[in-house]
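Just below is one structure, and these are the notes that go with it.
Letters A, B, ... are given to chains in the order of the sequence lines, protein chains preceding strands, and every chain is numbered from 1.
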There are 2 protein chains.
Amino acid sequence: MEEKDTCEIVCVHEDNVKEIKSKMLEDELLFEVSDNFKIFGDSTRLKILYALSKKDLCVCDLAAVLDMSQSAISHQLRVLRTKNLVKFRKEGKMAYYFLADDHVVSMIELGVEHTKEKL
Amino acid sequence: MEEKDTCEIVCVHEDNVKEIKSKMLEDELLFEVSDNFKIFGDSTRLKILYALSKKDLCVCDLAAVLDMSQSAISHQLRVLRTKNLVKFRKEGKMAYYFLADDHVVSMIELGVEHTKEKL
DNA sequence: CTTCCATATGAATACATGGTCATATTTATC
DNA sequence: GATAAATATGACCATGTATTCATATGGAAG
């Protein structure tokens with residue numbers, strides 16, 4: 001029977017909250033950004049992207065380089081394709097994958113740099 | 001009874017594979033890098049970090065800004081603490097969180113930049 | 001020392017996700 | 001056209017993870 005509609009949080013600093021809220025980026029944008037980071041947040045995908053930054057490669061070469069199954073690589077390549085990070089061209093039965101743009105490279109480089117600096 | 005030890009993959013371009021393998025970064029490093037990216041790959045954490053880049057905030061202010069439960073925020077702050085992305089100081093009962101370094105800021109900025117350019 | 005409030009934390013749940021296995025698809029070669 | 005090779009894909013499973021709920025902790029104030 002108690003009045004539960006009142007917010008349980010009491011300590012909120014109204015002014016701070018308002019200020020920061022006004023400075024926040026749009027929810028949707030931040031969601032997309034985190035979604036993009038997520039792609040780099042898997043070591044298999046990261047390895048694929050790094051390998052492709054050195055040379056265009058076909059699926060089975062990637063599988064050999066990463067020492068993983070063709071299927072696993074193919075699945076991840078699909079993810080990367082969907083997110084427009086890689087493209088591919090067909091040559092006979094082979095599919096040669098390559099990076100869609102070099103944002104990818106600078107992103108990885110920054111990640112590596114920051115990681116190294118923390119050690 | 002067949003000889004199964006031979007790799008089923010036939011198409012591998014030995015030279016390519018060797019070349020790229022030699023150019024690959026160490027597995028362990030790439031794993032750490034992807035692990036770091038993973039932190040930015042969640043919109044709640046990203047919002048927390050972005051908010052903290054504007055001003056030090058206590059837990060309940062963060063909860064108010066993100067419009068999420070105190071518990072959810074606290075759990076994510078723990079993750080960020082563990083990964084050394086945020087620190088905090090105690091003032092009375094309150095805990096004021098702040099960014100541990102400004103790598104975080106440049107990382108987010110790059111992410112936002114790349115995301116915007118893709119639209 | 002008791003109560004209140006801000007925060008932390010453990011358990012439980014719901015959902016996403018990476019890999020495997022089996023199989024489909026497509027192209028080249030015989 | 002039949003077979004083989006390279007890749008793609010769907011179903012499935014195991015694991016990871018973000019949130020909620022209930023509760024613990026610790027400082028402040030009475």
Identify whether any heavy atom of B:Tyr97 sits under 4.0 Å from a base atom; if not, whether one sits that close to sugar-phosphate; answer base, sugar-phosphate or nothing. sugar-phosphate
Select from A:Lys93 and A:Asp35 the residue whose nearest nucleotide in DNA chain C is closer to the 5' end of that strand. A:Asp35
Integer-rounded Å distance: C:dA16 P and A:Phe31 CZ: 10 Å
Starting from the C-alpha separation in whole Å, work towards a yes-or-no answer on salt bridge (charged side-chain N to carboxylate O under 4.0 Å, His left out) for A:Lys55 and A:Asp61. CA-CA 11 Å; A:Lys55 178 176 260 183; A:Asp61 281 356; over 6 Å; no
Stacked pair B:His75-D:dT19, distance under 5.5 Å, angle under 30°: no
With distance as the sole criterion, do the side chain of A:Ser71 and the base of D:dT9 form a donor-acceptor contact below 3.5 Å? yes
Given C:dT7, D:dT9, D:dT19, the nucleotide with the shortest approach to the side chain of A:Ser74: D:dT9
Find the distance A:Leu77:CG to D:dA6:P and express it as a whole number of Å. 16 Å
Rounded distance (Å) that lies between atom P of C:dT27 and atom CZ of A:Phe88: 11 Å
Could you walk me through whether A:Asp56 and A:Arg89 pass the salt bridge (charged side-chain N to carboxylate O under 4.0 Å, His left out) test, one step at a time? CA-CA 10 Å; A:Asp56 299 2; A:Arg89 63 171 180 280; 3.0 Å; yes
Base D:dT19 paired with B:Thr44 side chain (donor-acceptor, <3.5 Å): no
So for B:Ser69 and D:dC21, does any side-chain atom that can act as donor or acceptor lie under 3.5 Å from a complementary atom in the base? no
Comparing nearest nucleotides in DNA chain C, the 5'-proximal residue of the pair B:Cys58, A:Lys38 is B:Cys58
Does the side chain of A:Ser106 come within less than 4.5 Å of B:His114's, by heavy atoms? yes
In whole Å, what is the span from the CE atom of B:Met94 to the P atom of C:dC4? 19 Å
Tell me if the SG of B:Cys58 lies under 2.5 Å from the SG of A:Cys11. no
From C:dT7, D:dT20, C:dG18, nucleotide with atom closest to A:Gln76 side chain: C:dG18
On the nucleotide C:dG18, are OP1 or OP2 found under 4.0 Å from the side-chain N or O atoms that A:Arg45 carries? yes
Rounded to whole Å, NZ of B:Lys90 lies from P of C:dC5 at a distance of 16 Å
Which word best sums up how the rings of A:His13 and B:Tyr96 line up, parallel for under 30°, tilted for 30 to 60°, or perpendicular for over 60°? tilted
C:dT7, D:dT19, D:dA8: which one has an atom nearest the side-chain heavy atoms of B:Ala72? D:dT19
Is the base of D:dA8 touched by the side chain of A:Gln70 through a donor-acceptor pair closer than 3.5 angstrom? yes
Measure the acute angle between the ring planes of B:Phe40 and A:Phe37, then classify it against the limits of 30° and 60° as parallel, tilted or perpendicular. tilted
Whole-Å distance separating the CG atom of B:Leu66 from the C1' atom of D:dA18: 14 Å
Send over the distance from B:Asp42 CG to C:dT17 P, rounded to a whole Å. 11 Å
Considering only side-chain heavy atoms of A:Arg81, which listed nucleotide, D:dA8, D:dA18, C:dT9, is closest? D:dA8
note: A:Lys47, atom NZ; C:dG18, atom C1'; distance rounded to Å ~ 13 Å
